[in-house]
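Let me begin by presenting the structure, written as structure tokens, before commenting on it.
What you see is a predicted model, and the numbers here were worked out from it, not measured in a lab. By convention in this document, chain letters (A, B, ...) are assigned in the order of the sequence lines, proteins followed by strands, and residues within each chain are numbered from 1.
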Number of protein chains: 2
Amino acid sequence: MGLMSQPRWLTDEEQRTWRDFSAAVGMLKAHLETQLQQDAGMPHTYYELLVVLSEAPGQVMRMSDLAIATRSSRSRLSHAIARMEAAGWVRREACETDKRGAFAHLTQAGLEALEAAAPGHVEAVRTSLFDPLTPEQVRQLGEISATIIDQLTPRCAAAAAEELERLEHDAAGT
Amino acid sequence: MGLMSQPRWLTDEEQRTWRDFSAAVGMLKAHLETQLQQDAGMPHTYYELLVVLSEAPGQVMRMSDLAIATRSSRSRLSHAIARMEAAGWVRREACETDKRGAFAHLTQAGLEALEAAAPGHVEAVRTSLFDPLTPEQVRQLGEISATIIDQLTPRCAAAAAEELERLEHDAAGT
DNA sequence: GCTCGTTGGTTGAGCCCTCAAGCAACAATG
DNA sequence: CATTGTTGCTTGAGGGCTCAACCAACGAGC
């Protein structure tokens, strides 16, 4: 966009939609966050970590992979795993083949914490999101979400593509 | 729900929708947050405070009203206004009629900060949300959001409705 | 007037996050 | 090898949020 271009302001309709959407997302997030915090004593991000870890073969993942899978920064993951290790839900393990690496290993206590937390959380998602929406709306929400993801992914995709191209170019140059 | 009732797990379809929705919201939020932080040096919540304040007559609001209007806790607002006052965007003013009360007054610098931040933020909302969606999808998103808000409002709505009714009743009583 | 509950607002501790810096182990190059 | 850059992960500082505790000012009842 040009430096001096007029900003394309939102129409009243769009503004109303945007505010409702913001409010809905905020309320939903707050609702799920407090439910999980009160009933299971963990923030939602930790719950997601437990879910992803529990689905991994052997309940073990490289820190880096876990970060990517949960769209988390390395730093955040490091802090989070530190706290979850203190809670006894997870154990760090060294990597033999690459001594920089570290594994996060879901413990039995972690699995139990997840299993205790899951039903309440799913129920909350159901009652606050899926139950009030019609099946058609659920479908629409899925498509809308996919579109937004597509729109926002380019940066990573571009970086990845660029990376790939650079590698291929380097390879071609040799 | 009964104590021992089987949790109503999500179907694969629902699970996919939920994960996409979570991802979309997370990415959108992160995108807007970093845009605003980098271009205007403020978090999104502060931006919202500036917007609401700027729309108030005289650019002044009671702390309490501002908290309600932005769906913020009193505590959060207090901390936020403290920081925004330090940034020179807002000034606290005492209330004469109720000496407990406090006003938040948007300063000229605050208004300018908002006007500087707005175009970039709106553009970001456009390009990441409204542009990629069809008008029909925008309409759908509005309805979906309204439904979610309805579902999650009961607590506040009950209080607000009660308040309104009380006020009307008082007026009728005179 | 005094008490007692409520209301408006602030404060401090603690948690989660981000950002930038740091460090050790690897990998490629000369 | 030695060097240089990169990768995998950690750390510390600082910001924003919540929660509970707090305080002052109001207001209703005796």
Side-chain angles (χ1 to χ4, degrees), chain A residues 26-27 29-38 40-49 61-87 90 92-105 159 163 166-167 170-171 173-174, chain B residues 26 29-38 40-49 61-87 89-90 92-105 159 163 166 170:
Chain A
M27 293 168 70
K29 182 173 138 75
H31 179 64
L32 297 179
E33 193 71 42
T34 65
Q35 183 273 325
L36 212 43
Q37 189 66 48
Q38 294 191 348
M42 68 179 76
H44 188 251
T45 52
Y46 290 15
Y47 178 84
E48 285 178 351
L49 288 176
M61 281 182 86
R62 272 295 275 275
M63 290 291 282
S64 203
D65 295 339
L66 186 52
I68 293 171
T70 59
R71 280 180 302 281
S72 161
S73 72
R74 293 183 193 285
S75 173
R76 171 159 116 207
L77 182 63
S78 202
H79 286 295
I81 292 295
R83 218 154 243 289
M84 293 171 72
E85 191 171 25
V90 115
R92 269 183 238 251
E93 277 162 15
C95 177
E96 295 307 317
T97 68
D98 183 344
K99 294 203 169 173
R100 297 168 298 181
F103 288 105
H105 189 171
E163 171 94 0
R166 193 178 56 71
L167 289 176
D170 286 4
T174 50
Chain B
K29 183 173 138 76
H31 179 63
L32 297 179
E33 194 71 43
T34 65
Q35 183 273 327
L36 213 43
Q37 189 68 48
Q38 295 191 349
M42 68 179 76
H44 188 251
T45 52
Y46 289 16
Y47 179 83
E48 284 178 351
L49 288 175
M61 281 182 85
R62 274 294 277 275
M63 291 292 282
S64 203
D65 295 338
L66 186 52
I68 293 171
T70 58
R71 281 180 300 280
S72 160
S73 72
R74 294 182 194 285
S75 173
R76 170 159 116 206
L77 182 63
S78 203
H79 286 295
I81 292 294
R83 220 155 240 289
M84 293 171 73
E85 192 171 23
W89 295 337
V90 115
R92 271 184 237 252
E93 277 162 15
C95 176
E96 295 306 318
T97 67
D98 183 345
K99 294 203 168 174
R100 294 169 299 182
F103 288 105
H105 189 169
E163 171 95 358
R166 194 179 54 70
D170 286 4

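Residue B:R71 contributes atom CZ, which lies 14 Å from atom P of D:dC17 at whole-angstrom precision. Atom-to-atom, CD of B:E33 to C1' of C:dC19 comes out at 14 Å; the value is rounded to the nearest Å. Computed from coordinates, the A:L66 CG to D:dC9 C1' distance equals 13 Å when rounded to whole Å. Straight-line distance from the CD atom of B:E48 to the P atom of D:dG16: 14 Å, rounded to whole Å. The separation between A:L36 atom CG and C:dC15 atom C1' is 15 Å, rounded to whole Å. A straight line from CG of B:L32 to C1' of C:dT18 spans 17 Å, rounded to a whole angstrom. Spacing between atom CG of B:L49 and atom C1' of D:dG16 amounts to 12 Å, rounded to whole angstrom units. Rounded to whole Å, the distance from CD on B:E93 to P on C:dG9 is 13 Å.
Of the inter-residue distances, the one linking B:K29 atom NZ with B:L32 atom CG reads 9.5 Å to the nearest 0.5 angstrom. Note: A:R74 CZ to A:L66 CG = 11.0 Å, rounded to the nearest 0.5 Å.
In terms of heavy atoms, B:M63 sits closest to B:A104 at SD-CB, 4.0 Å.
The residue among A:Q38 and A:R100 whose nearest nucleotide of DNA chain D lies closer to the 5′ end is A:R100. Residue whose closest nucleotide on DNA chain D sits further toward the 5' end, between B:E96 and A:D65: A:D65. Projected onto DNA chain C by closest heavy-atom contact, B:R62 and A:S73 fall at different nucleotides, the more 5' of which corresponds to B:R62.
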Give every pair of a protein N or O atom and an N or O atom of nucleotides 10-15 of chain D that lie under 3.5 Å apart, one pair per line with the distance.
unit_1	atom_1	unit_2	atom_2	d
D:dT10	OP1	A:R92	NH1	2.4
D:dT10	OP2	A:S78	OG	2.7
D:dT10	OP2	A:R92	NH1	3.3
D:dT10	O5'	A:S78	OG	3.2
D:dT11	O4	A:S75	OG	2.9
D:dG12	O6	A:H79	NE2	2.9

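Looking only at side-chain heavy atoms (C-beta outward), A:M61 and A:T70 stay at 4.5 Å or farther from each other. B:L49 is listed as a side-chain neighbour of B:L77, based on a closest heavy-atom distance under 4.5 Å.
Remark: A:R92 fails to qualify as a cation-pi partner of A:F103 under the 6.0 Å distance and 45° angle criteria applied to the six-membered ring.
Residue A:S64 has no polar side-chain atom (N or O) positioned under 4.0 Å from OP1 or OP2 of D:dT7.
Applying the ring-ring contact (aromatic ring centres under 6.0 Å, His included) test to A:H44 and every residue at least two apart in sequence or in another chain returns A:H121.
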